[in-house]
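Report on one structure; see the data block that follows.
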Amino acid sequence: MECPRSHRRELRSDSLAEKSEKDPRADADTMCLVNKDTGDDPESIYTPSGIEIEVVYDEPPDTDLIGEPGVYPFTRGPYPTMYRGKQWTMRQYAGFGTAEETNQRFHSLLQAGQTGLSVAFDLPTQMGLDSDHDLASGEVGKVGVAIDTIDDMRRLLAGIPLGEVSTSMTINATAPILLLLYRLVAMEQDVEPEQIRGTIQNDILKEYVARGTYIYPPRPSMRLITDVFAYAARELPNWNTISISGYHIREAGSTAAQELAFTIANGVAYVHAALEAGLNIDSFAPRLSFFWNGHNNFFEEVAKFRAARRMWARIMRDDFGADTASQRMRFHTQTAGSTLTAQQPLNNVVRTTVQAMSAILGGTQSLHTNSYDEAVGLPTDQAARVALRTQQILANESGMGDTVDPLAGSYFVESLTNSVEEKAVELFDDIGRRGGAVQAIEDGWMQSQIEQSAYEEALRQESGESVVVGVNRYTGEEEEPIEVMKVDERLERDQCVRLEKWRGQRDADEVSSGLDRVATAARGSDNIVYPMEEALRAGATLGEVSDALRSVFGTQDAGG
């Protein structure tokens with residue numbers, strides 16, 4: 001069939017024409033390219049962020065914005081040799097039930113080749129509640145491991161050489177407490193402070209926007225974060241004191257451009273808070289890290305990662321005068337939990353693989369791949385192993401890490417990187433005009449933007465415009481049931497018994513004095529982390545330390 005002349009387009013390369021002459025079987029329709037300029041495209045295509053995709057990109061990219069790997073503006077990666085010099089860290093997020101059960105999963109994953117730990121905590125731990133608190137009932141050990149005391153942390157990390165592995169802990173409102181418990185256990189192993197490596201998420205702003213596991217109001221929460229910055233700069237020089245998280249913003253329904261803009265705006269708010277607390281920017285900023293979502297639109301995700309580095313580098317250099325180490329964005333990526341489906345769950349292996357590829361080709365420093373069964377329950381051993389093997393196959397069989405930023409220079413990828421950045425900068429500037437991230441959160445503006453994007457995507461899926469294989473298209477197959485992991489109901493009772501015994505064995509007066517010092521520091525201006533460390537060393541529980549802070553800071557209501 002002849003392509004109508006109005007739909008023909010001159011190509012910069014003659015490759016398609018040459019192919020047609022050499023191979024009569026070549027499809028003539030491949031040469032029928034839509035001319036966007038004449039409006040002949042019957043149906044425009046957009047990324048989920050609303051960026052229009054051209055049929056073909058035939059303009060060379062602006063090379064000034066690309067740069068070289070390891071140098072400003074870091075579009076091509078934070079390090080010169082990237083995976084040729086050091087492979088990304090393979091983490092599998094794990095945590096459920098008791099400390100012993102999670103410890104067994106950690107050992108299993110490390111033996112399978114995992115190179116870093118990633119800890120999930122249950123909701124009571126995240127909310128600063130001991131396991132025997134009334135509000136903890138029914139939630140102990142359900143979505144992560146229950147940690148009440150230093151003894152729980154000892155059992156969680158038993159037999160794991162903390163001087164040889166790095167540990168990421170997804171914890172926010174109680175992040176200082178979990179960091180201190182981890183450090184105390186490392187000290188018991190005689191690990192030197194500079195050998196203790198890892199990350200606490202410690203990103204409270206996104207909790208108010210997207211996730212909800214906050215305890216205190218925003219302002220005192222920001223003080224806790226900057227006190228951790230100062231403590232770690234002095235005591236734990238190789239610990240990443242915050243993982244500024246776009247992951248949960250995306251999981252709540254944002255677009256890629258919103259994820260980028262809102263997360264970087266939160267990062268800037270943390271920098272301002274630290275500077276106002278008297279810290280020197282280059283004393284803490286090199287240990288800031290980011291946590292991004294790896295979503296389904298492959299090329300937009302690659303562009304997002306590249307644009308994120310460039311945007312952060314420019315802000316840190318031009319707005320804060322920070323040095324090179326502070327300009328260099330390092331980040332962890334997790335594949336998108338919100339894209340996992342309970343229907344035809346084995347399809348999730350493919351989704352996770354595509355998302356992991358976008359993170360690797362986008363230059364991530366560490367990666368978690370979700371298990372295919374997470375839409376129906378906690379990951380089984382088999383599903384977690386398949387998720388880890390997915391990373392190992394990509395690392396060792398695909399050749400993706402053989403060269404730095406292999407997609408660089410692609411007309412499409414560079415154009416899309418520019419477009420994602422432009423859209424994100426527009427949103428970022430809007431937040432600035434609204435008084436910054438904290439004010440935009442307190443006003444509910446960020447939340448409303450995400451809610452609107454989530455609603456629009458739900459409508460697209462309902463109409464079938466957004467295809468979800470096995471859910472709104474290609475359905476109706478008979479499905480084999482998969483194994484679902486369940487948490488033993490006796491766990492909560494046993495954890496409460498263990499906690500009661502712990503309280504009976506400690507020096508109650510020493511604990512009480514330690515908690516009083518925590519409250520006194522909270523009322524004043526001293527760094528709160530040091531008295532928290534002493535209270536925990538004396539045997540105070542996570543809930544008791546949190547209560548000491550509640551008595552001074554109050555709590556944040558769900559309505560704001």
Side-chain angles (χ1 to χ4, degrees), residues 61 63-92 109-110 112-118 164-168 194-195 197-199 238 240 243 286-294 298-313 316 323-335 352-369 387-414 416-417:
T63 54
D64 290 339
L65 293 176
I66 301 174
E68 297 296 329
V71 297
Y72 183 90
F74 304 103
T75 310
R76 302 197 63 192
Y79 303 113
T81 58
M82 290 300 290
Y83 308 135
R84 289 283 291 265
K86 183 179 185 294
Q87 210 170 67
W88 68 88
T89 301
M90 298 181 193
R91 301 187 189 276
Q92 288 306 119
L109 289 169
L110 288 171
Q114 179 174 300
T115 53
L117 303 179
S118 185
E164 299 175 18
V165 300
S166 68
T167 302
S168 173
E194 60 272 11
Q195 292 179 288
R197 296 176 298 110
T199 305
N238 291 316
N240 298 317
S243 180
R287 302 315 303 172
L288 303 181
S289 66
F290 285 77
F291 175 23
W292 298 114
N293 194 304
F298 178 83
F299 286 108
E300 185 176 48
E301 293 302 289
V302 172
K304 177 190 74 180
F305 299 131
R306 301 172 87 247
R309 279 191 297 269
R310 191 159 73 199
M311 194 170 164
W312 182 251
M316 294 302 285
D323 69 14
T324 300
S326 299
Q327 297 166 18
R328 181 183 289 115
M329 175 189 278
R330 299 161 301 109
F331 62 82
H332 169 73
T333 307
Q334 181 174 339
T335 57
T352 295
T353 303
V354 171
Q355 294 162 6
M357 288 170 62
S358 75
I360 296 163
L361 293 175
T364 194
Q365 275 59 71
S366 76
L367 178 62
H368 164 88
T369 36
L388 177 59
R389 294 291 185 246
T390 299
Q391 289 202 54
Q392 292 168 333
I393 289 169
L394 293 176
N396 296 289
E397 298 185 23
S398 73
M400 268 189 265
D402 291 350
T403 187
V404 178
D405 193 20
L407 297 183
S410 156
Y411 293 179
F412 175 44
V413 170
E414 299 299 349
L416 191 53
T417 299

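Residues: numbered from 1 along the sequence shown.
- In this structure, Gly77 and Met82 approach most closely via the heavy-atom pair CA-SD, 4.0 Å.
- Under the 4.5 Å side-chain criterion, counting only non-hydrogen atoms from C-beta, Lys304 is not in contact with Ser358.
- By the side-chain contact (heavy atoms from CB on, under 4.5 Å) test, Thr403 is found to be paired with Pro406, residues two or more places apart in sequence or in another chain being considered.
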Task: Verdict with supporting geometry, Leu65 and Arg310, side chain to side chain contact (heavy atoms under 4.5 Å, CB included) - done: CA-CA 8 Å; Leu65 293 176; Arg310 191 159 73 199; 3.5 Å; yes
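- Annotation: side chain of Phe290 is in contact with side chain of Trp312 (closest heavy-atom distance under 4.5 Å).
- Of the possible polar contacts, none joining the Thr364 side chain to the Ile360 backbone as a donor-acceptor pair under 3.5 Å is found.
- Once rounded to the nearest 0.5 Å, the distance linking CG of Asn293 with CZ of Phe305 reads 7.5 Å.
- Residues Gln365 and Thr89 fail the side-chain proximity criterion, which asks for heavy atoms closer than 4.5 Å.
- Note: Thr75 OG1 to Glu414 CD = 7.5 Å, rounded to the nearest 0.5 Å.
- If you take CG on Leu117 and OG on Ser168, they are separated by 9.5 Å, rounding to the nearest 0.5 Å.
- Arg328 meets the salt bridge (charged side-chain N to carboxylate O under 4.0 Å, His left out) test with no other residue; sequence neighbours excluded.
- Pairs passing the salt bridge (Lys or Arg N to Asp or Glu O under 4.0 Å) check and including a residue from residues 68-85, sequence neighbours excluded, read Arg76-Asp405.
- Put simply, the side chain of Gln87 reaches to within 4.5 Å of the side chain of Asn396, judged on heavy atoms.
- Judged by distance alone, the side chain of Arg287 and the main-chain N or O of Thr199 form no donor-acceptor pair under 3.5 Å.
- Using a 4.5 Å heavy-atom threshold, the side chains of Glu301 and Gln355 count as separate.
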TODO: Could you check Thr333 against Phe291 for side chain to side chain contact (heavy atoms under 4.5 Å, CB included), going step by step and ending with a plain yes or no?
DONE: CA-CA 6 Å; Thr333 307; Phe291 175 23; over 6 Å; no
